[in-house]
Amino acid sequence: MDETYRPQEIEPRWQARWRAAKVGEVDLHGAQRPYYNLMMFPYPSAEGLHVGNVFAFTGADIHGRLRAMQGYDVFEPMGFDAFGIHSENTAIRLGIHPKELVAQNTQNFRRQLERLGGRFAWSHVLDSTDPAYYRWTQWIFLKLFEAGLAYRKEAPVNWCPSCRTVLADEQVISGRCERCDTVVEQRNLEQWFFKITAYADQLLDDLADLDWSEVIKTAQTNWIGRSQGTALTFSVLEPAHGQIEVFTTRPDTLYGVTFLTLAPSHPLALAIASAQCRPEVERYIAEAARREEAGSGERAKTGVQTGAFARHPLTQAPLPILVADYVLAGYGTGAVMGVPGHDQRDFAFAQAMGLPVTRVVAASPPDQGPLLEAYTDEAGVLVNSGPYDGMRVADAKQAITARAEEDGFGRAETTYHLRDWLISRQRYWGPPIPVVYCEACGVVGVPEAELPVLLPESEDFVPQGTGASPLASIPDFVNTRCPRCGGPARRETDVSDNFLCSSWYFLRYPSHPAVTDRPFDPDLVAKWLPVDSYIGGREHAVLHLLYTRFICFALHDLGWLPFAEPFRRFRAHGTITKGGAKMSKSRGNVVTPDALFDRYGADVTRLYLMFLGPYQEGGDYSDRNIEGVWRFLQRLYQLVTASRGGVENCQPQHLADLHRVVKRVGDDLEALKYNTAIAALMEYTTYLRQRQEPASQQELRTLTLLLAPLAPHLAEELWAKLGGAFSVHSQAFPTYDPAQLVARTATVVVQVDGRVRDRLTVPAGSGQQEVADRAMALPSVQKHLQGAQVERVVFVPDRLLNIVSAS
RNA sequence: GCCGAAGUGGCGGAACGGCAGACGCGCCGCACUCAAAAUGCGGUGGGCAUUGCCCGUGUGGGUUCGAAUCCCACCUUCGGCACCA
């Protein structure tokens with residue numbers, strides 16, 4: 001009998017059998033214990049699956065397989081997020097139509113995923129570029145539009161000159177395009193937005209109750225950036241032109257205001273400028289617009305006087321109004337009160353512009369010297385603040401806000417870092433935004449019955465940089481009739497952000513492809529959602545995961561979903577690096593799994609990646625360590641094949657070891673600690689191989705079952721060899737009996753003054769007195785005690801005895 | 001600057017108040033072999049040493065009978081955000 005492990009022979013054979021037996025498929029309507037095991041919707045890149053994807057999917061698949069063996073009806077779907085700039089940019093570069101490219105890539109991805117041996121429910125596979133799918137993506141847009149949650153406005157937006165489209169705030173990373181790393185510019189454009197800010201509080205407050213990796217919750221908290229403060233209104237004195245509202249978190253420093261600053265795009269910036277100052281202001285605003293790059297970081301402070309003044313609401317003093325680009329247009333009201341004494345940016349600006357600095361908060365004892373930098377510490381009391389002198393900062397914040405409310409020049413207010421989600425893209429490869437512009441009726445949503453608005457087939461898909469989508473140059477697409485009045489109308493030519501496609505895919509999976517008359521079947525949604533487990537990358541903390549929550553909140557409020565939060569549990573897996581760097585095509589360090597599959601098979605590849613380090617931390621890929629896993633599976637294979645047909649039951653003296661490994665592996669798999677689960681299996685395999693008595697069938701079967709989630713093909717093969725019925729993956733995962741874990745003897749560490757001096761083997765559960773008596777008699781203990789008095793004895797039953805001497 | 005995570009052998013990592021370095025890689029020795037590969041068995045933190053002992057988890061303090069683990073301060077690295085008033 002050949003006893004060599006040959007994955008290349010085993011793996012295709014079982015994959016074919018699984019396919020035939022439909023082991024990944026679930027009876028969605030009839031399932032007794034539904035468990036939705038979700039992993040992230042992959043973008044099928046031209047390079048194919050890389051080991052980072054394999055790592056991510058394997059960890060999630062192990063979880064699904066464990067749950068399946070625990071008796072759950074696991075639904076583990078897979079699909080392809082194939083719309084979007086990434087696919088489109090690759091298509092442009094290769095000179096292939098994205099449709100063609102996506103078909104190739106999807107096929108390749110699926111081939112690789114099948115080789116990996118995931119228990120995917122392939123009958124539900126989704127493709128976001130399929131009109132049968134994006135019809136409903138457009139439907140979601142319409143529902144939000146009807147609810148007033150999708151709106152058009154002109155605003156300063158992020159423009160990527162390389163991708164030739166606008167981007168959402170979340171897609172700008174340190175001032176650069178998330179996709180192509182080009183520095184992003186600011187442009188004032190009229191665009192479609194989703195009103196995600198309407199849900200800012202809920203997005204933030206619900207986080208407390210979510211079972212999610214902390215790292216993601218923190219990132220979302222920071223991104224939402226809720227800030228409690230006070231809105232204050234200043235009247236413009238000269239020329240008399242209405243009012244300027246500012247937002248501040250430091251109303252206590254109101255007496256320290258020496259000027260007001262407006263963002264260059266503030267509506268009053270030009271309006272209030274005096275005739276004398278107007279040319280300068282115009283020049284500055286124009287320059288700022290040209291220079292302004294989103295998130296370009298701190299620069300030297302510049303600005304200009306408007307010649308206008310505002311009245312201080314309490315002192316009535318005139319305050320000069322300036323325009324400066326250090327004030328962000330998109331945050332708060334686009335205007336700030338300048339408190340150079342207590343804000344570092346205002347201080348730098350005051351220095352640059354020669355504006356006065358007043359101290360209104362002093363630490364105690366009060367230091368009186370001139371301020372050399374802003375005093376931003378909130379520890380201290382007010383000075384130079386009229387009736388508020390001597391008040392502590394926290395109290396003064398309240399008192400001055402209360403005064404503002406009484407006198408009608410302000411109120412407590414909350415602002416957010418989160419902005420509305422810009423969803424228009426001036427690109428070709430996406431779902432067209434289902435809206436038409438009618439001269440008579442204005443903006444009209446495409447009626448539901450007319451969906452999908454098909455993306456027209458066109459060879460001219462390269463964006464021209466005109467600020468319009470390539471769709472704008474297809475007259476047959478643009479020219480249409482108004483669905484309301486039947487008159488001539490133009491279609492919206494922008495497509496929607498790819499993140500809209502991926503913000504609801506998991507709602508569709510159970511219903512796809514059978515349900516065609518609505519996006520998702522309410523019964524299936526009620527049965528399978530929210531998702532029980534979602535495992536994915538942390539890079540989506542403020543993109544996909546935030547957008548998705550928003551879409552579900554909105555659909556919930558509109559009555560389409562019975563829940564608001566889509567994911568009960570989310571776990572962020574780690575990242576696989578190569579040579580310490582993130583894998584990327586530009587670095588040329590991308591490792592694909594095909595060579596590993598060819599040489600070692602899927603099981604070794606799976607185990608190797610899981611053994612690299614803690615799943616939730618990731619690790620650095622190097623092909624050095626893979627041999628160890630290969631050897632382990634060889635030994636395991638030989639152990640099982642060679643010991644077949646031995647005694648049935650585990651001998652009583654070996655039961656504790658058996659139950660211990662069941663507990664270790666079970667607990668570790670549950671906690672996603674796959675590296676230590678594998679280590680435990682390695683130890684147990686070595687133990688069975690080296691033990692005097694040959695392994696019993698019970699022990700071998702248990703070992704095989706424990707292995708099944710991690711190495712599904714090998715486990716299936718060994719299970720069959722042991723005479724088990726197909727399939728190992730529908731067997732119950734082993735459980736342990738805590739009573740069996742109790743060992744008969746224990747090794748107690750004997751310490752003298754906290755240092756290990758000896759070990760004693762004692763009957764389990766021995767009392768302190770008997771252990772101490774034996775320990776005191778040990779020569780090693782006597783030697784270190786050197787006749788000193790024993791001050792106390794610390795005893796941890798079955799583990800440790802520490803004799804503390806008086807010296 | 002702010003937020004987060006992490007610093008343990010030659011390397012990946014384990015232990016997360018109680019025997020530091022599980023498991024694996026690499027390396028060394030032995031067996032098998034004409035030989036090599038493969039495989040198996042043993043060893044492998046550093047120092048001193050004849051049983052044994054001392055030192056050792058980024059640095060400095062602290063709590064404790066006992067700290068890699070808890071607390072305080074600092075250093076370094078890696079992520080994320082960054083003129084957010």
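To find a chain, count down the sequence lines: A is the first, B the second, and so on, and within it residues start at 1.
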Name the nucleic acid region contacted by A/Gln751, choosing base, sugar-phosphate or nothing; use a 4.0 angstrom heavy-atom cut-off, strictly under.
base
Give the rounded distance in Å between these two atoms: CG of A/Asn625 and P of B/G26.
8 Å
Of all the choices, B/C54, B/C53, B/C3, which nucleotide is nearest to the side chain of A/Arg755 once you look at every atom?
B/C54
Closest nucleotide among B/C23, B/A85, B/C3 to the A/Glu683 side chain
B/C23
Among the nucleotides B/G66, B/A14, B/C19, whichever has the atom closest to the side chain of A/Asn802 is B/G66
Need one value for A/Lys673: base, sugar-phosphate or nothing, where a base atom within 4.0 Å counts as base even if backbone is also close, heavy atoms only.
sugar-phosphate
With the side chain of A/Trp223 defined as its heavy atoms from C-beta on, choose the nearest nucleotide among B/A15, B/A82, B/G13.
B/A82
From the options B/G4, B/G52, B/C23, select the nucleotide whose nearest atom is closest to the side chain of A/Phe611.
B/C23
What nucleotide among B/C3, B/C65, B/A85 has an atom nearest to a side-chain atom of A/Tyr331?
B/A85
Out of B/C41, B/G24, B/A85, minimum distance to the side chain of A/Ser227 belongs to B/A85
Counting the atoms with a prime plus P, OP1 and OP2 as sugar-phosphate, which does A/Asn675 contact under 4.0 Å by heavy atoms, base, sugar-phosphate, or nothing?
sugar-phosphate
Salt bridge (charged side-chain N to carboxylate O under 4.0 Å, His left out) between A/Glu378 and A/Lys397, intermediate numbers included:
CA-CA 11 Å; A/Glu378 296 197 9; A/Lys397 282 185 179 182; 3.0 Å; yes
To the side chain of A/Arg631, which of B/G26, B/G12, B/C3 is closest?
B/G26
Side chain of A/Leu328 only, heavy atoms from C-beta on: which candidate in B/C83, B/C23, B/G4 is closest?
B/C83
What contact category does A/Val796 fall into here, base, sugar-phosphate, or nothing, at under 4.0 angstrom with non-hydrogen atoms?
base
Give, ordered by number, those residues of residues 245-263 of chain A having at least one heavy-atom distance below 4.0 Å to an atom of RNA chain B; if nothing qualifies, reply none.
A/Phe247, A/Thr248, A/Thr249
Residues that A/Lys663 engages under side chain to side chain contact (heavy atoms under 4.5 Å, CB included), provided they are two or more places apart
A/Asp667, A/Tyr736, A/Leu741
Distance below 4.0 Å between A/His417 side-chain N/O and B/A85 OP1 or OP2:
no
Which part of the nucleic acid, if any, lies within contact of A/Arg757, taking any heavy atom under 4.0 Å across all strands shown: a base, the sugar-phosphate backbone alone, or nothing?
sugar-phosphate
Could you write out RNA chain B as a dot-bracket string, with dots for unpaired bases, | for bases paired across to another strand, and Watson-Crick or G-U pairs counted at under 3.5 Å?
(((((((..(((.....[....)))((((((.......))))))((((...))))..(((((..]....))))))))))))....
Sugar-phosphate, base or nothing in reach of A/His784, heavy atoms under 4.0 Å
sugar-phosphate
